[in-house]
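One structure is given here, and the rest of the page talks about it.
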Amino acid sequence: MIELNFSPKVDEAKLKEILGEIKSDEMAGWVELPFKPKLDEIVKIKEAAEKINKESEIVVCIGIGGSYLGHRAIIEALRPIGGPEFVYAGNSLSKRELDYALKKVGDGDFSVIVISKSGTTLEPAKAFEAFKKKLADRYGVVGAIKRIYAITDAHKGALYDEAKRDNYTRFVIPDNVGGRYSVLSPVGLLPMAVAGVDIDSLLMGAETVAKEFEDKEDEEKKESEEKKEDELGDTKKPAETKPVPAAAKYAFMRQLLYSKGFDTEVFASFEPATMYFNEWLKQLFGESEGKNKQGIFPASVIYSTDLHSMGQFMQDGRRNLYETIIDYPTDDLNAKVVEAVRIAHTAGRIPVLNIKVPTYDAKGFGELIYFFEMACAISAKIAGVNPFDQPGVEEYKNELHKLMEKK
């Protein structure tokens, strides 16, 4: 169970209203992902992962944003032993980076996992084109097809059309799940299974947090049933009121701090391997809340390394920021650094939120994923913005396509 060092006042009526809005949203499919993993889909994911492991020493994972940050965060944090090496491509338009990825694969046996809902996002599309050619040169057209795994829309899009035509192994990105909330879908589960992450434990951890919200929603119904039983002469004790979920407390605390002028949140970790988890958090919160000329700006640091670069600013710079420490289980020395930072920064008038993670394993990260997804959705709703769209991102894409058409 995730623990917090703070307990803000939570408007439970408002929370209930928000949870109703979130769960009824057409893009809230992620809410149910821990509860309803399709058995046949999980079996297919594990079979594909086993095949990739047998055939390939390198896996090229092509995607950008929510199509790669989540699973990369977990793979790099847990560092499973024995799986293939991962090479990431399609997350920028840098020719140097693409050439480097192609050279890194070299003459090794490799497979490609390409993740894109539309298939037209420029960065992954360019990378996929380059690696398809490399596959065909190495294994022939038929052999290349057997080494391509496409995670895309269920019914439409350029990648869907190509995957169906050429008979790639296909997995579905649910229509009602957006990219930054997709890590518990095949988008994240397939790459993690290939890497050797225990995806069953990951989903179990997510379900642990999800149940906190399920219980909260069902409380009134249970109380109503117990009231009827009492009226019929049943003397059962009324059910105890369920505590407010930790993720909801965190969401309300964020907005309380924002209302007091703290408009920058610094996610702080003391484990270097969790750098990409911080990157996933920055996308999750930045893309969900940064709308209508408002929002808390997400930043991140890795301590103790960044204490020697950002430490001065954190201790003595502008006081418009607060710090969210993601407190993973660690060794005694690192634990002392965590405590020293908490004491020093609190004395320096930085609000410090501490989120204590129960275990540093797949289950613990499953809990964290769902905790932050739900907290983000609630926080955005409190702020009055839609957590599930990204109109600003679409604007830059439109402008880029215009410039390319002119060229």
Q: Could you walk me through whether Ile42 and Leu189 pass the side chain to side chain contact (heavy atoms under 4.5 Å, CB included) test, one step at a time?
A: CA-CA 8 Å; Ile42 296 294; Leu189 296 179; 4.0 Å; yes
Q | Residues Glu129, Lys133: salt bridge by 4.0 Å N-O rule | A | no
Q: Determine, step by step, whether Ile75 and Tyr276 satisfy the side chain to side chain contact (heavy atoms under 4.5 Å, CB included) criterion, reporting the C-alpha distance in whole Å, the side-chain angles of both residues, the deciding distance to 0.1 Å, and the verdict.
A: CA-CA 9 Å; Ile75 291 168; Tyr276 269 93; over 6 Å; no
Q.
I want to check a possible cation-pi pair here: Lys249 against Phe6, using under 6.0 Å from ring centre and within 45° of the ring axis as the test.
A. no
Q: Would you please test Glu367 and Thr208 for side chain to side chain donor-acceptor pair (under 3.5 Å) and show each step?
A: CA-CA 7 Å; Glu367 290 188 40; Thr208 299; 4.7 Å; no
Q: Only one of Leu257, Leu281, Ile296 passes side-chain contact (heavy atoms from CB on, under 4.5 Å) with Glu265; say which it is.
A: Ile296
**Q.** Presence of salt bridge, Arg342 and Asp327, under 4.0 angstrom
**A.** yes
Q. Under 4.0 Å between a Lys/Arg side-chain N and an Asp/Glu carboxylate O for Lys363 and Asp198?
A. no
Q | Donor-acceptor contact below 3.5 Å, side chain Ser182 vs main chain Gly179 | A | yes
Q.
Looking at every non-hydrogen atom in both residues, tell me the closest pair between Asp109 and Glu55 and how far apart they are.
A. CB-O, 3.5 Å
Q) Within the side chain of Thr346, is there an N or O that forms a donor-acceptor pair under 3.5 Å with the backbone of Ile343? A) no
Q. What is the distance from atom CD1 of Ile22 to atom CE of Met374, rounded to the nearest 0.5 Å?
A. 5.5 Å
Q: Supply the atom-to-atom distance Lys164 NZ to Leu159 CG, rounded to the nearest 0.5 angstrom.
A: 13.5 Å
Q. Any idea which heavy atoms bring Gly108 and Tyr139 closest together, and the distance?
A. O-OH, 4.0 Å
Q: Determine the minimum heavy-atom distance between Ser269 and Asn278, stating which atoms define it.
A: CB-ND2, 4.1 Å
Q | SB check Lys51 Glu47 (cutoff 4.0 Å) | A | no
Q.
With heavy-atom distances below 4.5 Å as the criterion, would you say the side chains of Tyr68 and Ile115 are in contact?
A. no
(Q) Between Leu321 and Asp263, is there a side-chain heavy-atom distance shorter than 4.5 Å? (A) no
Q) Got a donor-acceptor contact below 3.5 angstrom from the Lys103 side chain to the Leu98 backbone? A) no
Q: Would you please name every residue forming a ring-ring contact (aromatic ring centres under 6.0 Å, His included) with Tyr303, sequence neighbours left out?
A: Phe270
Q. Once you round to the nearest 0.5 Å, how far does CD1 of Ile355 lie from CD1 of Ile325?
A. 10.0 Å
Q: Measure the spacing between CG of Asn91 and OG1 of Thr121 and express it to the nearest 0.5 Å.
A: 12.5 Å
Q) Do Val183 and Glu373 touch side chain to side chain, with heavy atoms closer than 4.5 Å? A) yes
Q.
Under 3.5 Å, is there a donor on one side chain and an acceptor on the other for Thr264 and Tyr322?
A. no
Q: Count the heavy atoms of every other residue, nucleotide or ligand shown that sit under 6.0 Å from CZ of Arg165, and state whether that count exceeds 12.
A: yes
Q) How long is the gap from CG on Asn334 to CG on Asp331, to the nearest 0.5 Å? A) 5.0 Å
Q) Charged N to carboxylate O below 4.0 Å: is that the case for Lys211 and Glu214? A) no
Q) Looking at Lys104 and Glu85, does any basic side-chain N land under 4.0 Å from a carboxylate oxygen? A) yes
Q) Lys381 side chain to Leu19 main-chain N or O, any donor-acceptor pair under 3.5 Å? A) no
Q | Residues Glu41 and Lys46 bridged, charged N to O under 4.0 Å | A | no
Q. Any Lys/Arg nitrogen of Asp99 or Lys95 sitting under 4.0 Å from an Asp/Glu carboxylate oxygen of the other?
A. yes
Q.
So does Ser309 get a backbone contact from the side chain of Asp306, meaning a donor-acceptor N/O pair under 3.5 Å?
A. no
Q | Reported CG-to-CE distance for the pair Leu78 and Met192, which is rounded to 0.5 angstrom | A | 9.0 Å
Q: Would you mind reporting whether Ile382 and Arg254 have side-chain heavy atoms less than 4.5 Å apart?
A: no
Q) Do the side-chain N and O atoms of Glu97 and Ser92 include a donor-acceptor pair separated by under 3.5 angstrom? A) no
Q | Cation-pi check, Arg318 onto Phe313 ring (under 6.0 Å, within 45° of axis) | A | no
(Q) Tell me whether Ser288 contacts the main-chain N or O of Phe285 through its side chain, where contact means a donor paired with an acceptor under 3.5 Å. (A) no
Q. Which atom names give the shortest non-hydrogen contact between Leu190 and Ala49, and what distance separates them?
A. CD1-N, 4.3 Å
Q: I would like to know whether Glu399 and Lys402 meet salt bridge (charged side-chain N to carboxylate O under 4.0 Å, His left out); could you show each step before the answer?
A: CA-CA 5 Å; Glu399 293 302 323; Lys402 287 178 192 175; 3.3 Å; yes
Q. For Thr152 and Arg170, what are the C-alpha separation, side-chain angles and deciding distance, and is it a side chain to side chain donor-acceptor pair (under 3.5 Å)?
A. CA-CA 7 Å; Thr152 189; Arg170 277 185 291 144; over 6 Å; no
**Q.** From CA spacing to verdict: salt bridge (charged side-chain N to carboxylate O under 4.0 Å, His left out), Asp153, Lys156
**A.** CA-CA 6 Å; Asp153 193 273; Lys156 63 185 185 301; 3.6 Å; yes
Q: Could you check if a side-chain atom of Thr169 sits within less than 4.5 angstrom of a side-chain atom of Lys146, using non-hydrogen atoms only?
A: no
Q) So do the side chains of Phe277 and Leu69 get within less than 4.5 Å of each other, counting heavy atoms only? A) no
Q) Can you check whether Phe388's main-chain N or O pairs, donor with acceptor, with Asn386's side chain at less than 3.5 Å? A) yes
**Q.** Sub-4.5 Å side-chain heavy-atom contact between Phe213 and Ile378
**A.** yes
Q.
Strictly distance-based, threshold 3.5 Å: is any side-chain N or O of Arg180 a donor or acceptor partner for the main-chain N or O of Gly178?
A. no
Q.
Is the distance from the ring center of Phe365 to that of Tyr328 below 6.0 Å?
A. yes
Q: Could you check if a side-chain atom of Cys61 sits within less than 4.5 angstrom of a side-chain atom of His71, using non-hydrogen atoms only?
A: yes
Q: Tell me, yes or no, whether the heavy-atom count around Lys126 atom NZ, taken from other residues, nucleotides or ligands under 6.0 Å, exceeds 12.
A: no
Q: Without swapping roles, check the side chain of Lys291 against the backbone of Glu287 for a donor-acceptor pair under 3.5 Å.
A: yes
Q: List the atom of Asn167, the atom of Ile145, and the distance in Å for their closest heavy-atom pair.
A: O-CG2, 3.8 Å
Q.
I need the minimum non-hydrogen distance between Gln255 and Ala383, along with the two atoms involved.
A. OE1-CB, 3.8 Å
Q) Taking only residues two or more places apart in sequence, or in another chain, which ones meet Phe372 in a ring-ring contact (aromatic ring centres under 6.0 Å, His included)? A) Tyr250
Q. ring-ring contact (aromatic ring centres under 6.0 Å, His included): which pairs involve residues 89-119, sequence neighbours left out?
A. none
Q) Is any NZ, NE, NH1 or NH2 atom of the basic residue among Glu12 and Lys16 found under 4.0 Å from an Asp or Glu carboxylate oxygen of the other? A) no
